[in-house]
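Report on the following structure.
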Amino acid sequence: MLGTIAKTFAKDIAVHTYTAPEEGWVVNTQIIELPAELFIVDTQYMLPFAEEVAAYAAKLNKPISRLYVTHFHPDHILGAQVFNMPITALAEVKSKIEAVGDRVAAEEHEKHGDRIAKTAVKPTQIVAPGRETIGEIQIDFIRMQNAETADALMIAFPGRGVLVAQDFLYNRVHSFLGERSFDTWAAALRDYQLNATKYRILLPGHGQPAGVELYGENLAYLSFTKRLLQDVRDPAIFKSRLVSAFPNYAGRTLLDHESRFLFPPKSASA
Ligand SMILES: [Zn+2]
């Protein structure tokens, strides 16, 4: 297998975290194993890695009852065709993928050819923020706004202390800053940090599962990069300063992806 699997157990649920290798942006698909079914959260960037996720999930011998995509970024949506089932998303995320998903797919397909989907599979089912109970297990669906992206889904299991945060949190992987919501993202991180006893197991969208230390690490990264972006106008210098400040961080391919968002060509309009 090209990716890696980390397993996290909390009472009667397990989360199998598939992490892609560097060329797949170190992105995670979370396979949430409930007593009688599986939820899959996010679908990978490259098709070969999505296929590894599907093969791994099949071996768990439980039906995949839901396939969620948390937000519209390419590394979360472009593997969806491999799963061949309806996609569930927040209403805002569904609309966004309908509006720009095919353009996003075409841009990434052009970089990598047939390892990337040509078009985006559109969500057909909506999840509303709120609580659902399956058997004994409470599940909270949370709409996170203006953090890594304008609208993102998080899935929490309050009775199990588990937060499937996806790209609200990164673990030692360079974060995607292209939407530039430094202040609102940091404010939300501080809110969660203040209530850190609520969830002790955090599942980030990139990098390994971890604990509440992730809030502080993500805050430090955001404050460093916000200041760096005020000082530096050159994408190559930005990247090299960031790499030397965080030498052990994976996801340098993500820095290349975000460059055109942080340093748009001068001729381009907003
Ligand atoms: Zn991501």
Side-chain angles (χ1 to χ4, degrees), residues 3-4 6 15 17-32 40-50 52-53 67-80 82-83 87 89-90 92-93 96-97 100-101 103-105 107-109 111-112 115-117 120-121 123 142-155 163-182 185 188-189 202-210 214 217-218 221-222 225 242 246 249-262:
T4 60
V15 183
T17 301
Y18 174 94
T19 304
E22 181 69 30
E23 66 170 335
W25 298 4
V26 205
V27 68
N28 290 335
T29 295
Q30 312 290 356
I31 302 166
I32 302 170
I40 293 193
V41 181
D42 288 335
T43 72
Q44 290 292 310
Y45 173 58
M46 288 186 161
L47 296 169
F49 306 139
E52 288 194 333
V53 172
L67 175 62
Y68 291 101
V69 298
T70 57
H71 63 293
F72 81 98
H73 290 160
D75 47 329
H76 299 262
I77 67 170
L78 292 183
V82 167
F83 298 92
I87 298 175
L90 291 168
E92 298 79 9
V93 173
K96 184 80 179 177
I97 295 171
V100 305
R103 194 249 303 151
V104 167
E107 285 168 0
E108 303 306 319
H109 180 83
K111 294 183 200 167
H112 298 288
R115 305 181 74 203
I116 300 270
V121 185
I142 301 163
R143 177 185 174 202
M144 173 55 67
Q145 288 180 265
N146 303 316
E148 192 247 14
T149 188
D151 291 287
L153 175 68
M154 303 202 294
I155 302 176
L163 177 64
V164 179
Q166 292 303 81
D167 284 7
F168 179 49
L169 296 171
Y170 284 62
N171 186 6
R172 292 172 186 266
V173 176
H174 289 287
S175 307
F176 178 71
L177 306 168
E179 298 192 26
R180 294 169 167 273
S181 300
F182 293 94
W185 189 354
L189 285 166
L202 303 180
L203 296 145
H206 298 256
Q208 293 299 293
L214 282 190
E217 290 178 14
N218 279 261
Y221 187 90
L222 285 183
T225 49
L242 204 44
F246 298 94
Y249 276 36
R252 293 182 191 180
T253 46
L254 267 161
L255 295 179
D256 297 327
H257 174 70
E258 81 179 356
S259 182
R260 79 183 156 94
F261 298 94
L262 293 178

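Remember, it's 1-based here, ligands and their atoms both numbered in the order they're listed. No experiment lies behind these values; they were computed from the predicted model shown.
- Salt bridge annotation for E92-K96: absent, with no cationic side-chain nitrogen under 4.0 angstrom from a carboxylate oxygen.
- For R252, the salt bridge (Lys or Arg N to Asp or Glu O under 4.0 Å) test picks out no residue, with sequence neighbours left out.
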D42 vs T29, side-chain hydrogen bond (donor to acceptor under 3.5 Å, both in side chains): CA-CA, chis, key distance, verdict: CA-CA 5 Å; D42 288 335; T29 295; over 6 Å; no
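- Around the Zn ion (ligand 1), protein N, O or S atoms at less than 2.8 Å comprise D75 OD2, H76 NE2, D167 OD2, H206 NE2.
- Here the side chain of Q30 pairs a donor or acceptor atom with the backbone of P204 at under 3.5 angstrom.
- Aromatic ring centres of Y221 and Y170 lie farther apart than the 6.0 Å criterion allows.
- Side-chain atoms of H71 do not come within 3.5 Å of backbone N or O of H76 as any donor-acceptor pair.
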